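Right, one structure below, let's go through it.
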Number of protein chains: 2
Amino acid sequence: MIFSRKTDYGLRALMYLAERRARGPVTLSEIAEKLMIPKAFLSKILQQLAKKGVVRSLKGPSGGFVLAVEPAEVTLQEILTEIDGPTRVFECFATESDCTLYGDCLMRDVFGEVEDQIGKVLARYTLADFRYTDKLPAKA
Amino acid sequence: MIFSRKTDYGLRALMYLAERRARGPVTLSEIAEKLMIPKAFLSKILQQLAKKGVVRSLKGPSGGFVLAVEPAEVTLQEILTEIDGPTRVFECFATESDCTLYGDCLMRDVFGEVEDQIGKVLARYTLADFRYTDKLPAKA
DNA sequence: CTGAACAGGACCAATGTAGTCCGCTATTTC
DNA sequence: GAAATAGCGGACTACATTGGTCCTGTTCAG
Ligand code: FES
Ligand code: FES
C-alpha cells in the first residue's frame, strides 16, 4: 500500500523538467545526478513517459528530455497512472472460487469508494503546483 | 498500491466470526475450509488479531476463535490497521540525502491528504456492515 | 565521421508477501 | 492423569514484484 519508488523518481524528474522547460533539453545524466537517481533506472522511467507523450526525448548531442505538456495541464493522477498504472487498492482474492458466494459483499463498494477518493485528491494537483527548488542542503 | 491478501483473508474471517458469534468458538479448520484460506496462514492472521484483542482464542477441545468486539464498534480502518499496519501511501525516497533540498516539496502534503481521505472512507464502515452469506454458489 | 545522447532488450539482486512445517503448550473430557 | 483436541510460535521455503544493471543498438549535431 505505497506508491513505488519509480513513482517518486518519475515525479521528481518531471518537477525538474518543468522548472527547466524553457532552457531546452536536459540530459538524463544531469537529472540523475541532481536528483540522485540511478541513471539506468531513470532512463527506463523517462522512456516510458516519452511513449505516453508526457516528455519528449531528443537524441544526439545537445539532446535530452523536455517536458512535452503544460505543467498546469497535467494532473498528478495522470502522471501516477502513466508511471504505475491505475491506482488499484483491492483485489478480491476469492474471485474464481467463491466471490459469488458473497452476493452482498460490500468490499467491492468500499474499496471502489476508496479509489475514487484517492483519484479526487490526485486530480486536484498539477505539475505546476510543485517546484523543484535548487537550494543547497541545510547541512552543507 | 493494493491491500494485501492477508487483509482480504483477515477481513473475511472476521465477517465469518461476526456471523457465528452467538454460537460459541469456531475452529480454525472450519473457517479455513469454508472460506478457502490456507489453514496455517490463516492461523497466523488470527493469532495476530488475537494479540490485538479483536478476537479471543480458546485452546483445547471445543476451543476455537470468537469475535471479541461488537461488530458495530470496530471500523474497517481499525481492522486494516491491525492486520497490515497503518495505511501508508507514500514514502519519500530522497529522505536521507536531499529531501531537505525540497523545502516546499508538496508531495508530503498531497499524499498525507490522500491517506486522510482513505482513512475517512474506511472509518465509515464497521464489521456490522458486512455480512457473510452462506448461500450456495450460483453455478452449482 | 565521430562522439554524445537516448532506446531497448536481457539480465540480476533485493525485498516483501504468501505459505508451510513442526514441535510445544494449554484445555477439556473421560 | 491420560489422551485427544486445538491454538502458539518460530524457522523455514517459494514466489512475485520491484528496483536496478549492462550492453548493444540508433540517431543526430558539429
Ligand atoms: S467476496 Fe469477492 S468482493 Fe467480497
Ligand atoms: S523530496 Fe522528500 S517529500 Fe518531497
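Chain A is the first sequence line, chain B the second, and so forth, proteins listed ahead of strands; every chain is numbered from 1. Bear in mind the structure is a predicted one, so any value in this text is a computation, not a measurement.
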Side chain of [X]: nearest nucleotide among [options]?
{"X": "A:P38", "options": "D:dT21, C:dC21, D:dT26", "answer": "D:dT21"}
{"X": "B:K59", "options": "D:dC22, C:dT27, D:dT27", "answer": "C:dT27"}
{"X": "B:K51", "options": "D:dG9, C:dC6, D:dG7", "answer": "D:dG9"}
{"X": "B:R5", "options": "D:dT21, D:dC8, C:dA18", "answer": "C:dA18"}
{"X": "B:K6", "options": "C:dA18, D:dC8, C:dC21", "answer": "C:dA18"}
{"X": "A:L28", "options": "C:dC6, C:dT20, C:dA7", "answer": "C:dC6"}
{"X": "A:S4", "options": "D:dG7, C:dA7, D:dG19", "answer": "D:dG19"}
{"X": "B:F41", "options": "D:dG7, C:dT20, C:dA7", "answer": "C:dT20"}

Would you mind reading off the distance between [X] atom [atom1] and [N] atom [atom2], rounded to a whole angstrom?
{"X": "B:E30", "N": "D:dT5", "atom1": "CD", "atom2": "P", "value": "16 Å"}
{"X": "A:I45", "N": "D:dG20", "atom1": "CD1", "atom2": "P", "value": "9 Å"}
{"X": "A:K44", "N": "D:dC22", "atom1": "NZ", "atom2": "P", "value": "12 Å"}
{"X": "A:D84", "N": "D:dT17", "atom1": "CG", "atom2": "P", "value": "13 Å"}
{"X": "B:L46", "N": "D:dG9", "atom1": "CG", "atom2": "P", "value": "13 Å"}
{"X": "B:R56", "N": "D:dC8", "atom1": "CZ", "atom2": "P", "value": "12 Å"}
{"X": "B:Y9", "N": "C:dT17", "atom1": "OH", "atom2": "P", "value": "14 Å"}

- request: Just call it for A:L58: base, sugar-phosphate, or nothing, with non-hydrogen atoms closer than 4.0 Å on any strand.
  value: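 Result for A:L58 = sugar-phosphate.
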Sugar-phosphate only, base, or nothing, as touched by B:K39 at under 4.0 Å among non-hydrogen atoms: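 No contact.
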Test item: B:Q48 side-chain N/O and B:E82 main-chain N/O as donor-acceptor pair under 3.5 Å: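 Yes; judged by distance alone, with no hydrogens or angles, the pair exists.
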message: Check whether A:R12 reaches the backbone of A:L35 with its side chain - one donor and one acceptor, N or O, closer than 3.5 Å.
response: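 Yes: the side chain of A:R12 pairs with the backbone of A:L35.
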Modelled atom types, side-chain donor and acceptor of B:T81 and B:Q77, under 3.5 Å: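 Their side chains do not contain a donor-acceptor pair, so the 3.5 Å distance test is not met.
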task: Classify the side chain of B:Q47 and the base of D:dG7 as holding, or not holding, a donor-acceptor pair under 3.5 Å.
output: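 There is none.
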message: I'd like to know whether CD of A:E33 has more than 12 heavy-atom contacts from other residues, nucleotides or ligands below 6.0 angstrom.
response: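 Open: at most 12 neighbouring heavy atoms sit under 6.0 Å from CD of A:E33.
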task: Between A:P61 and A:S43, just flag the one whose closest nucleotide in DNA chain C comes earlier from the 5' side.
output: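 The answer here is A:P61.
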- prompt: Can you check whether B:D116 reaches A:V121 side chain to side chain, under 4.5 Å on heavy atoms?
  reply: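 No - every pair of side-chain heavy atoms lies 4.5 Å or more apart.
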message: For a quick test of reading the model: is some side-chain N or O of B:S57 closer than 4.0 Å to OP1 or OP2 of D:dC8?
response: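 For D:dC8, OP1 or OP2 has a side-chain N or O of B:S57 closer than 4.0 Å.
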